[in-house]
Engineer: 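So that we are looking at the same thing, I have put the structure below in C-alpha cells.
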Amino acid sequence: MQPVQTYTDKEVITILQSSESPERIVRYLYRTQFKMSRAYILKNNGLEADAEDIFQEVLLTVIELIRLNKFRGESSLSTFFYSVTRNTWLNELKKRGRSRLRDQKFSLASAATENDSGDDIVRRELRQLMLDVVDSLGETCKTILIAIYYEYQSVAEILQILPYENEQVVRNKKYKCLKQLEEMLHENPRLAQNLKAILHYE
C-alpha cells in the first residue's frame, strides 16, 4: 500500500503556479481541507449539499488566488482556506437572506396581523440592514465586526484569519471600525433609529 502523499504549503503554491497539471494537488486539498470547510458550514446553518457546493467554489477561488500570486504563504494554507470558506459562506447566506426578504414583502401585510410572524419578518429585515451597514464599512471592518458580534469569536480567533501581528492590533482595528460606525450614525439619524430597533428585536 502506497503512503499518502503530503505537500508543504510552499510546494502546493509552487505546483499551482507552474504549468504542471494540478490534479494531485486538488486531490490533496480535498483530503486535507474539506473536513474543516464542511464543519464550518454545518455549524453555521448549512447542509451537506451546501458544504459540497461551497467547497467546490472555495477550492477554485483558492487556486485562482494562488496562481495570481495573491497568497504567498504569510499565513498557513489551512488558515487561508478557512478565511475563504468563511467569506464565501457569509456571502451565500447574505444572498439567501435578500432573496427571502423579497419573497416576504409580498406577504408582509397579512403577516402583520399575526404578531409572531410579523416580528420574525421585521427581525430579519433589520438584521439585513445591519449587515448592509457593516458591509459599507469595508471588508476588514466587516470581517472583524461580524466575527465578534455575529459569530461570537474571540480576538485570538480573529487573529488566525487576519494578517495582523498580535491581538492588540485587532482590538485597535475594532475600535476604529466602531468609531467609523459611530460617525456614520451621527451623520444619518434615521439609520441610527433603525439600528436601535435591531437592538430592541434582538
Side-chain angles (χ1 to χ4, degrees), residues 12 16 26 29-30 32-72 74-106 120-164 170 173-174 176-178 180-181 184-185 191 194-195 198 201-202:
V12 170
L16 289 177
V26 170
L29 293 175
Y30 257 105
T32 58
Q33 304 301 325
F34 176 70
K35 185 176 180 181
M36 172 278 299
S37 180
R38 173 182 175 275
Y40 177 83
I41 291 168
L42 293 182
K43 181 181 177 182
N44 290 277
N45 303 316
L47 304 174
E48 287 286 352
D50 295 322
E52 292 282 353
D53 292 341
I54 292 297
F55 186 76
Q56 291 276 356
E57 183 177 347
V58 168
L59 182 60
L60 292 174
T61 300
V62 167
I63 291 175
E64 182 66 17
L65 290 173
I66 290 175
R67 285 178 168 171
L68 292 174
N69 209 29
K70 297 294 180 66
F71 174 70
R72 304 177 185 178
E74 290 88 350
S75 62
S76 72
L77 188 59
S78 291
T79 298
F80 187 54
F81 249 96
Y82 176 84
S83 179
V84 176
T85 295
R86 180 178 166 282
N87 289 334
T88 302
W89 182 235
L90 287 176
N91 287 335
E92 176 62 24
L93 289 177
K94 183 189 297 184
K95 286 190 289 186
R96 293 182 185 185
R98 286 174 177 168
S99 177
R100 282 195 297 269
L101 286 175
R102 284 195 298 269
D103 293 340
Q104 288 164 359
K105 286 180 181 179
F106 290 104
D120 183 61
I121 290 172
V122 173
R123 185 181 295 108
R124 291 186 181 185
E125 288 183 336
L126 292 173
R127 183 180 292 273
Q128 186 58 51
L129 172 64
M130 172 62 91
L131 290 175
D132 289 342
V133 170
V134 173
D135 222 4
S136 69
L137 298 177
E139 190 64 32
T140 299
C141 283
K142 179 177 75 172
T143 298
I144 291 175
L145 295 181
I146 287 178
I148 292 174
Y149 296 108
Y150 273 72
E151 298 178 353
Y152 306 106
Q153 294 187 23
S154 66
V155 172
E157 289 173 318
I158 296 172
L159 190 61
Q160 297 301 311
I161 60 175
L162 290 175
Y164 293 128
V170 177
K173 185 62 182 177
K174 171 195 166 185
K176 291 179 181 179
C177 292
L178 291 175
Q180 187 178 341
L181 177 60
M184 182 187 301
L185 297 180
L191 177 60
N194 287 333
L195 293 182
I198 292 176
Y201 274 94
E202 293 295 333

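Start at 1 with the first residue, then count along the sequence. As the structure is a computational prediction, the values presented were derived from the model and not from experiment.
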Engineer: According to the interplanar angle, ranging from 0 to 90°, do the rings of F34 and F55 count as parallel (below 30°), tilted (30 to 60°) or perpendicular (above 60°)?
Structural biologist: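 Rings of F34 and F55: perpendicular, over 60°.
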Engineer: Taking atom CG of L59 and atom CD of Q33, what is their separation to the nearest 0.5 Å?
Structural biologist: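 The CG atom of L59 sits 9.5 Å away from the CD atom of Q33.
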Engineer: Nearest 0.5 angstrom please: Y40 OH to F81 CZ, how far?
Structural biologist: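 The CZ atom of F81 is 15.5 Å from OH of Y40, to the nearest 0.5 Å.
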Engineer: For residues L47 and D50, determine if any side-chain heavy atom of one lies less than 4.5 Å from a side-chain heavy atom of the other.
Structural biologist: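 They are in contact (side-chain heavy atoms under 4.5 Å apart), so the answer is yes.
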Engineer: Between A51 and I41, what is the shortest heavy-atom contact and its length?
Structural biologist: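 Distance-wise, the nearest heavy atoms are CA-CD1, 3.9 Å.
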Engineer: Using atom types as modelled and distance alone, determine if a side-chain donor or acceptor of Q56 lies under 3.5 Å from a backbone N or O of D53.
Structural biologist: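 No; judged by distance alone, with no hydrogens or angles, the pair does not exist.
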Engineer: So how far is it from L29 CG to L77 CG, rounded to the nearest 0.5 Å?
Structural biologist: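 The CG atom of L77 is 6.0 Å from CG of L29, to the nearest 0.5 Å.
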Engineer: Give the intermediate values and the outcome of side chain to side chain contact (heavy atoms under 4.5 Å, CB included) for residues I63 and V26.
Structural biologist: CA-CA 9 Å; I63 291 175; V26 170; 4.0 Å; yes
Engineer: Salt bridge check, E92 against K95: does any charged N sit closer than 4.0 Å to a carboxylate O?
Structural biologist: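 The answer is yes: the pair qualifies as a salt bridge.
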Engineer: Quick one: does W89's side chain have a donor or acceptor within less than 3.5 Å of a partner on N44's backbone?
Structural biologist: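 Pair found, side chain donor or acceptor close to backbone of N44.
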Engineer: Show your working on side chain to side chain contact (heavy atoms under 4.5 Å, CB included) between Q180 and C141 and close with a plain yes or no.
Structural biologist: CA-CA 9 Å; Q180 187 178 341; C141 283; 3.9 Å; yes
Engineer: Closest heavy-atom contact between R67 and L16?
Structural biologist: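 Smallest heavy-atom distance, with atoms named: NE-O, 3.0 Å.
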Engineer: My understanding is that only one of I66, L68, T61 makes a side-chain contact (heavy atoms from CB on, under 4.5 Å) with E64; could you say which?
Structural biologist: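 Passing option: L68.
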Engineer: Could you walk me through whether E52 and R38 pass salt bridge (charged side-chain N to carboxylate O under 4.0 Å, His left out), step by step?
Structural biologist: CA-CA 8 Å; E52 292 282 353; R38 173 182 175 275; over 6 Å; no
Engineer: Could you tell me the separation between the CZ atom of F80 and the NZ atom of K70, rounded to the nearest 0.5 Å?
Structural biologist: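 If we round to the nearest 0.5 Å, F80:CZ and K70:NZ are 9.5 Å apart.
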